[in-house]
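Start at 1 with the first residue, then count along the sequence. The figures that follow rest on heavy atoms only: side chains count, while hydrogens, waters and symmetry mates do not. Everything numeric here is computed off the predicted structure, so don't read it as measured data.
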Amino acid sequence: SSRRRHTRFRNVTGVQTCALPIYVHLNKYERRDQIGEILLPIIKSHPTINDLNPLVASGSWTVRHQLAKRSDLGLKELEILILDDDSDVFQEAHERLKQLPPDERERFYLLAVQSDDWSNRQLIAKDPACPNSARLKLVLDEDIDVTWSALKNPNTGAEVFAWFLSQEPDFEELHVKELRKYANNKIKSIIKKSKDPFEKERIERMINMCSLGVLPSFDSPDLEDLDI
């Protein structure tokens with residue numbers, strides 16, 4: 001309208017440009033950063049926020065990273081952040097896992113191993129607190145470094161080694177031989193160190209079950225539903 005108003009008369013030859021609106025195009029990442037700059041003071045100034053889910057969904061890395069650090073982070077929000085693609089956000093969410101009660105912790109570790117980032121999965125594989133039910137997935141990870149980390153974790157149980165030996169990892173033959181040799185030696189070492197004859201019998205029975213394709217049980221009601 002400003003352009004039309006100033007060009008409709010013959011004696012006006014110029015165009016008034018100073019009143020024309022200027023638009024600056026922002027891509028989605030820049031918009032997210034702007035949202036983060038607006039929300040960040042709110043997050044820092046409020047020691048507790050009843051519902052953090054809308055903030056988690058804002059898409060801003062700054063917001064997600066700050067929220068993951070909060071001690072009052074709810075389980076609903078943690079479910080989202082533990083699958084975050086950003087390694088910094090994932091690491092903060094991972095720290096929250098260690099503070100969960102045992103009955104909740106296993107469920108979230110089983111979520112964490114589904115991360116698309118191999119470095120996030122490796123972080124979980126190296127975690128001594130990671131339950132063996134989650135390691136069943138990690139030892140068959142598509143990344144060989146994650147598999148090695150899960151096998152070499154000092155708290156990896158005989159069930160996990162037996163399950164790995166009963167499967168066919170999708171790695172080069174030379175690497176598979178090295179992995180199998182390591183798993184075999186660990187099982188033999190566990191059996192040798194066990195002074196309980198019933199425990200030795202249980203491990204040997206469990207190895208036979210794994211060879212038949214039966215998933216080891218860790219007394220988890222949801223474990224049998226895992227698609228491994």
Where [X] and [Y] come nearest, the two heavy atoms and their spacing:
{"X": "Tyr182", "Y": "Leu151", "answer": "CE2-O, 3.5 Å"}
{"X": "Ala93", "Y": "Ala68", "answer": "N-CB, 4.0 Å"}
{"X": "Ala150", "Y": "Thr156", "answer": "O-OG1, 2.5 Å"}
{"X": "Asn132", "Y": "Gly157", "answer": "OD1-N, 3.0 Å"}
{"X": "Trp163", "Y": "Gln167", "answer": "O-CG, 3.1 Å"}
{"X": "Ala112", "Y": "Leu97", "answer": "CB-CD1, 4.4 Å"}

Non-hydrogen side-chain atoms of [X] and [Y] separated by less than 4.5 Å:
{"X": "Ile191", "Y": "Ile187", "answer": "yes"}
{"X": "Arg107", "Y": "Glu79", "answer": "yes"}
{"X": "Phe161", "Y": "Ile190", "answer": "yes"}
{"X": "Asp127", "Y": "Lys98", "answer": "yes"}
{"X": "His94", "Y": "Ile124", "answer": "yes"}
{"X": "Ile82", "Y": "Tyr109", "answer": "no"}
{"X": "Leu75", "Y": "Leu100", "answer": "yes"}
{"X": "Pro131", "Y": "Arg105", "answer": "no"}

Which of Leu136, Val146, Leu138 passes side-chain contact (heavy atoms from CB on, under 4.5 Å) with Val113? It is Leu138
With a cut-off of 6.0 Å (strictly less than), are more than 12 heavy atoms of other residues, nucleotides or ligands near CG of Asp170? no
With a 4.0 Å cut-off, would you call [X] and [Y] a salt bridge?
{"X": "Arg180", "Y": "Glu173", "result": "no"}
{"X": "Arg121", "Y": "Asp141", "result": "yes"}
{"X": "Glu159", "Y": "Arg202", "result": "yes"}

State whether the side chain of [X] and the backbone N or O of [Y] hold a donor-acceptor pair below 3.5 Å, judged by distance alone.
{"X": "Arg135", "Y": "Cys130", "answer": "yes"}
{"X": "Ser189", "Y": "Asn185", "answer": "no"}
{"X": "Asp84", "Y": "Phe90", "answer": "no"}
{"X": "Asp143", "Y": "Trp118", "answer": "no"}

Nearest 0.5 Å, please: how far is [atom2] in [Y] from [atom1] in [X]?
{"X": "Leu140", "Y": "Glu168", "atom1": "CG", "atom2": "CD", "value": "10.5 Å"}
{"X": "Thr147", "Y": "Lys152", "atom1": "OG1", "atom2": "NZ", "value": "12.0 Å"}
{"X": "Ile80", "Y": "Leu111", "atom1": "CD1", "atom2": "CG", "value": "11.5 Å"}

Side-chain donor-acceptor contact under 3.5 Å, Arg205 with Asn208: no
Without hydrogens or angle criteria, can the side chains of Asp117 and Ser115 be said to hold a donor-acceptor pair below 3.5 Å?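 No, no side-chain donor-acceptor contact under 3.5 Å.
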